[in-house]
Amino acid sequence: MTAQPSPAGHAAPPPAREPLEPAMLQAPGLWRRMACWLYEGMLMFGVVFLAGYLFGTLSQTRHALDNRFALQAFLFVIFGIYFTWFWAKGQTLAMKTWNIRVVGRDGRAISQPRALLRYVLSWLWFVPPLACMAPFGLPAGESFVLVLGWVAVWAIASRFHPQCQFWHDALAGTRLVNSRPLSR
(Lines give C-alpha, C1' and ligand atoms only; values in the text may rest on other atoms or scores of the structure.)
Protein backbone atom coordinates (compact mmCIF):
# COMPACT_ATOMS: atom_id res chain seq x y z
CA MET A 1 0.00 0.00 0.00
CA THR A 2 1.46 3.37 -0.93
CA ALA A 3 1.04 6.58 1.01
CA GLN A 4 -1.31 9.16 -0.52
CA PRO A 5 -0.05 12.72 -0.80
CA SER A 6 -1.56 15.16 1.66
CA PRO A 7 -2.87 18.58 0.61
CA ALA A 8 0.44 20.14 1.70
CA GLY A 9 2.27 17.93 -0.81
CA HIS A 10 3.86 15.64 1.80
CA ALA A 11 3.25 11.91 1.71
CA ALA A 12 0.85 10.87 4.45
CA PRO A 13 2.13 8.11 6.72
CA PRO A 14 0.87 4.63 5.92
CA PRO A 15 -1.94 3.41 8.17
CA ALA A 16 -0.95 1.45 11.28
CA ARG A 17 -0.84 -2.27 10.77
CA GLU A 18 -4.20 -3.74 11.51
CA PRO A 19 -4.44 -6.69 13.88
CA LEU A 20 -4.88 -10.13 12.39
CA GLU A 21 -8.31 -11.70 12.16
CA PRO A 22 -9.18 -13.95 15.13
CA ALA A 23 -8.95 -17.07 12.92
CA MET A 24 -5.33 -16.18 12.07
CA LEU A 25 -4.37 -15.83 15.77
CA GLN A 26 -4.38 -19.58 16.25
CA ALA A 27 -1.02 -21.03 17.27
CA PRO A 28 0.71 -23.30 14.75
CA GLY A 29 1.03 -26.92 15.77
CA LEU A 30 3.89 -27.92 18.05
CA TRP A 31 5.56 -30.08 15.40
CA ARG A 32 5.52 -27.23 12.88
CA ARG A 33 6.92 -24.77 15.43
CA MET A 34 9.69 -27.20 16.37
CA ALA A 35 10.49 -27.86 12.69
CA CYS A 36 10.78 -24.09 12.23
CA TRP A 37 12.97 -23.91 15.34
CA LEU A 38 15.27 -26.63 13.98
CA TYR A 39 15.46 -24.94 10.56
CA GLU A 40 16.28 -21.64 12.27
CA GLY A 41 19.14 -23.39 14.04
CA MET A 42 20.53 -24.61 10.73
CA LEU A 43 20.31 -21.13 9.24
CA MET A 44 22.14 -19.74 12.26
CA PHE A 45 25.25 -21.71 11.22
CA GLY A 46 25.73 -19.15 8.43
CA VAL A 47 25.31 -16.27 10.87
CA VAL A 48 27.79 -17.88 13.28
CA PHE A 49 30.29 -18.46 10.47
CA LEU A 50 30.17 -14.86 9.25
CA ALA A 51 30.19 -13.38 12.75
CA GLY A 52 33.04 -15.69 13.83
CA TYR A 53 35.05 -14.76 10.77
CA LEU A 54 34.45 -11.06 11.42
CA PHE A 55 35.36 -11.43 15.10
CA GLY A 56 38.50 -13.43 14.34
CA THR A 57 39.61 -10.90 11.74
CA LEU A 58 38.95 -7.85 13.88
CA SER A 59 40.49 -9.31 17.05
CA GLN A 60 43.38 -11.05 15.24
CA THR A 61 42.49 -14.27 17.07
CA ARG A 62 44.74 -17.10 15.89
CA HIS A 63 43.38 -19.98 17.97
CA ALA A 64 39.73 -20.94 18.41
CA LEU A 65 39.92 -20.97 22.21
CA ASP A 66 41.57 -17.55 22.47
CA ASN A 67 39.04 -14.86 23.37
CA ARG A 68 36.38 -17.55 23.78
CA PHE A 69 34.19 -15.56 26.16
CA ALA A 70 34.49 -12.40 24.07
CA LEU A 71 33.41 -14.40 21.01
CA GLN A 72 30.44 -15.81 22.91
CA ALA A 73 29.40 -12.31 24.01
CA PHE A 74 29.83 -11.06 20.44
CA LEU A 75 27.64 -13.88 19.10
CA PHE A 76 25.02 -13.18 21.76
CA VAL A 77 24.84 -9.57 20.53
CA ILE A 78 24.81 -10.60 16.84
CA PHE A 79 22.01 -13.12 17.49
CA GLY A 80 20.11 -10.41 19.38
CA ILE A 81 20.41 -8.01 16.45
CA TYR A 82 19.38 -10.72 13.97
CA PHE A 83 16.32 -11.90 15.86
CA THR A 84 15.21 -8.46 17.08
CA TRP A 85 15.37 -7.08 13.54
CA PHE A 86 13.44 -9.92 11.90
CA TRP A 87 10.88 -10.42 14.68
CA ALA A 88 10.06 -6.70 14.62
CA LYS A 89 9.38 -7.22 10.88
CA GLY A 90 7.20 -10.23 11.76
CA GLN A 91 9.20 -13.23 10.50
CA THR A 92 12.64 -14.71 10.11
CA LEU A 93 13.47 -16.70 6.99
CA ALA A 94 12.63 -19.96 8.76
CA MET A 95 9.30 -18.52 9.93
CA LYS A 96 8.47 -17.48 6.36
CA THR A 97 9.23 -20.99 5.18
CA TRP A 98 6.92 -22.55 7.77
CA ASN A 99 4.22 -19.82 7.49
CA ILE A 100 4.58 -18.66 11.08
CA ARG A 101 4.52 -15.05 12.28
CA VAL A 102 5.32 -13.47 15.64
CA VAL A 103 2.83 -10.85 16.82
CA GLY A 104 1.82 -9.15 20.06
CA ARG A 105 -1.01 -10.42 22.23
CA ASP A 106 -3.38 -8.15 20.29
CA GLY A 107 -2.33 -9.57 16.91
CA ARG A 108 -0.38 -6.50 15.82
CA ALA A 109 3.29 -6.39 14.82
CA ILE A 110 5.68 -6.16 17.74
CA SER A 111 8.10 -3.32 18.44
CA GLN A 112 11.87 -3.73 18.53
CA PRO A 113 11.97 -3.44 22.36
CA ARG A 114 9.35 -6.21 22.60
CA ALA A 115 11.33 -8.30 20.09
CA LEU A 116 14.47 -7.75 22.20
CA LEU A 117 12.59 -8.86 25.33
CA ARG A 118 11.44 -11.97 23.44
CA TYR A 119 15.06 -12.65 22.43
CA VAL A 120 16.33 -12.41 26.01
CA LEU A 121 13.50 -14.60 27.32
CA SER A 122 14.02 -17.14 24.52
CA TRP A 123 17.27 -18.10 26.22
CA LEU A 124 15.07 -20.03 28.67
CA TRP A 125 15.41 -22.78 26.06
CA PHE A 126 19.10 -23.17 26.97
CA VAL A 127 20.16 -21.35 30.16
CA PRO A 128 18.62 -23.70 32.79
CA PRO A 129 20.37 -26.88 31.58
CA LEU A 130 23.61 -25.00 30.90
CA ALA A 131 23.52 -23.52 34.42
CA CYS A 132 22.84 -26.95 35.93
CA MET A 133 25.68 -28.70 34.17
CA ALA A 134 28.32 -25.95 34.50
CA PRO A 135 29.41 -26.87 38.05
CA PHE A 136 29.70 -30.56 37.23
CA GLY A 137 31.86 -30.47 34.10
CA LEU A 138 29.74 -33.09 32.34
CA PRO A 139 31.07 -34.77 29.19
CA ALA A 140 29.71 -33.59 25.84
CA GLY A 141 27.35 -36.57 25.39
CA GLU A 142 25.68 -36.12 28.77
CA SER A 143 25.46 -32.36 28.24
CA PHE A 144 23.77 -32.90 24.87
CA VAL A 145 21.20 -35.26 26.41
CA LEU A 146 20.51 -32.81 29.24
CA VAL A 147 19.98 -29.87 26.86
CA LEU A 148 17.88 -31.98 24.48
CA GLY A 149 15.74 -33.19 27.40
CA TRP A 150 15.16 -29.64 28.62
CA VAL A 151 14.23 -28.45 25.11
CA ALA A 152 11.68 -31.26 24.89
CA VAL A 153 10.23 -30.39 28.32
CA TRP A 154 10.09 -26.66 27.44
CA ALA A 155 8.37 -27.40 24.12
CA ILE A 156 5.83 -29.79 25.65
CA ALA A 157 5.11 -27.25 28.42
CA SER A 158 3.48 -25.08 25.75
CA ARG A 159 0.57 -27.54 25.81
CA PHE A 160 -0.28 -26.16 29.27
CA HIS A 161 -0.58 -22.57 28.04
CA PRO A 162 -4.19 -21.53 27.29
CA GLN A 163 -3.33 -20.62 23.66
CA CYS A 164 -0.61 -23.33 23.33
CA GLN A 165 2.13 -20.67 23.18
CA PHE A 166 5.68 -21.17 24.38
CA TRP A 167 6.13 -19.74 27.87
CA HIS A 168 8.81 -17.26 26.83
CA ASP A 169 6.26 -15.81 24.39
CA ALA A 170 3.69 -15.54 27.17
CA LEU A 171 6.22 -13.73 29.38
CA ALA A 172 7.27 -11.40 26.54
CA GLY A 173 3.69 -10.55 25.53
CA THR A 174 4.11 -12.11 22.10
CA ARG A 175 2.65 -15.10 20.32
CA LEU A 176 3.36 -17.27 17.32
CA VAL A 177 0.49 -17.46 14.86
CA ASN A 178 -0.28 -18.99 11.50
CA SER A 179 0.65 -16.78 8.60
CA ARG A 180 -0.74 -16.73 5.11
CA PRO A 181 1.62 -18.38 2.63
CA LEU A 182 3.51 -16.03 0.36
CA SER A 183 2.36 -16.10 -3.26
CA ARG A 184 4.46 -18.48 -5.26
Side-chain angles (χ1 to χ4, degrees), residues 1-4 6 10-48 51 73-131 147 150-184:
M1 178 181 253
T2 60
Q4 299 297 324
S6 67
H10 301 293
R17 293 184 188 164
E18 295 298 320
L20 297 174
E21 303 128 23
M24 294 294 293
L25 290 176
Q26 185 178 14
L30 182 59
W31 287 110
R32 198 166 105 213
R33 286 184 287 164
M34 292 310 294
C36 179
W37 187 81
L38 186 63
Y39 183 42
E40 194 77 67
M42 290 189 297
L43 293 175
M44 292 311 292
F45 276 112
V47 174
V48 169
F74 182 72
L75 287 174
F76 181 80
V77 170
I78 295 297
F79 287 175
I81 292 168
Y82 172 87
F83 284 114
T84 300
W85 173 267
F86 283 108
W87 286 339
K89 301 285 184 200
Q91 295 173 303
T92 62
L93 178 59
M95 293 168 84
K96 285 180 184 181
T97 303
W98 288 94
N99 299 320
I100 296 173
R101 179 175 297 280
V102 63
V103 296
R105 285 188 184 124
D106 60 358
R108 296 179 192 265
I110 61 174
S111 64
Q112 284 191 342
R114 173 113 17 221
L116 180 61
L117 176 63
R118 184 178 194 266
Y119 169 70
V120 171
L121 290 173
S122 71
W123 280 93
L124 289 172
W125 284 94
F126 300 106
V127 170
L130 294 176
V147 170
W150 175 255
V151 165
V153 166
W154 190 254
I156 292 169
S158 71
R159 302 295 236 166
F160 299 107
H161 186 273
Q163 287 91 33
C164 293
Q165 295 293 326
F166 292 128
W167 287 98
H168 68 277
D169 280 312
L171 295 170
T174 60
R175 59 194 303 176
L176 294 177
V177 296
N178 291 310
S179 173
R180 289 192 178 110
L182 299 173
S183 61
R184 302 199 192 275

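Each of L121, I110, L117, V103 was scored for a side chain to side chain contact (heavy atoms under 4.5 Å, CB included) with T174, with one residue passing: I110.
Shortest non-hydrogen contact noted between W154 and F166 is O-CD2, 4.4 Å. Residues A170 and R105 share a closest heavy-atom pair of O-NH2, 2.6 Å. Considering all non-hydrogen atoms of both residues, G90 and M95 come closest at O-CE, 4.1 Å. Nearest approach of P129 to W150, heavy atoms of both residues: CD-CD1, 3.4 Å. Between K89 and R101 the shortest heavy-atom distance is O-NH1, 3.9 Å.
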Kindly list each side-chain donor-acceptor pair under 3.5 angstrom involving residues 74-88, sequence neighbours excluded, with atom names and distances?
{"from": "Y82", "atom 1": "OH", "to": "E40", "atom 2": "OE2", "distance (Å)": "3.0"}
{"from": "T84", "atom 1": "OG1", "to": "G80", "atom 2": "O", "distance (Å)": "2.6"}

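Using a distance-only test at 3.5 Å, with no hydrogens or angles considered, no donor-acceptor pair links the side chain of R175 to the main chain of C164.
Remark: H168 NE2 to S158 OG distance equals 10.0 Å, nearest 0.5 Å. Annotation: the span from Q26 atom CD to Q163 atom CD amounts to 11.0 Å, rounded to 0.5 Å.
Note: W123 and Y119 have perpendicular aromatic rings, judged against thresholds of 30 and 60 degrees for the angle between ring planes.
Applying the side-chain contact (heavy atoms from CB on, under 4.5 Å) criterion to R32, with sequence neighbours excluded, gives P28, W98, N99, I100, N178.
Counting only residues at least two apart or in different chains, salt bridge (Lys or Arg N to Asp or Glu O under 4.0 Å) contacts with residues 113-123 comprise R118-D169.
For the pair L124/L171, a side-chain contact is recorded, criterion being any heavy-atom separation below 4.5 Å from C-beta on.
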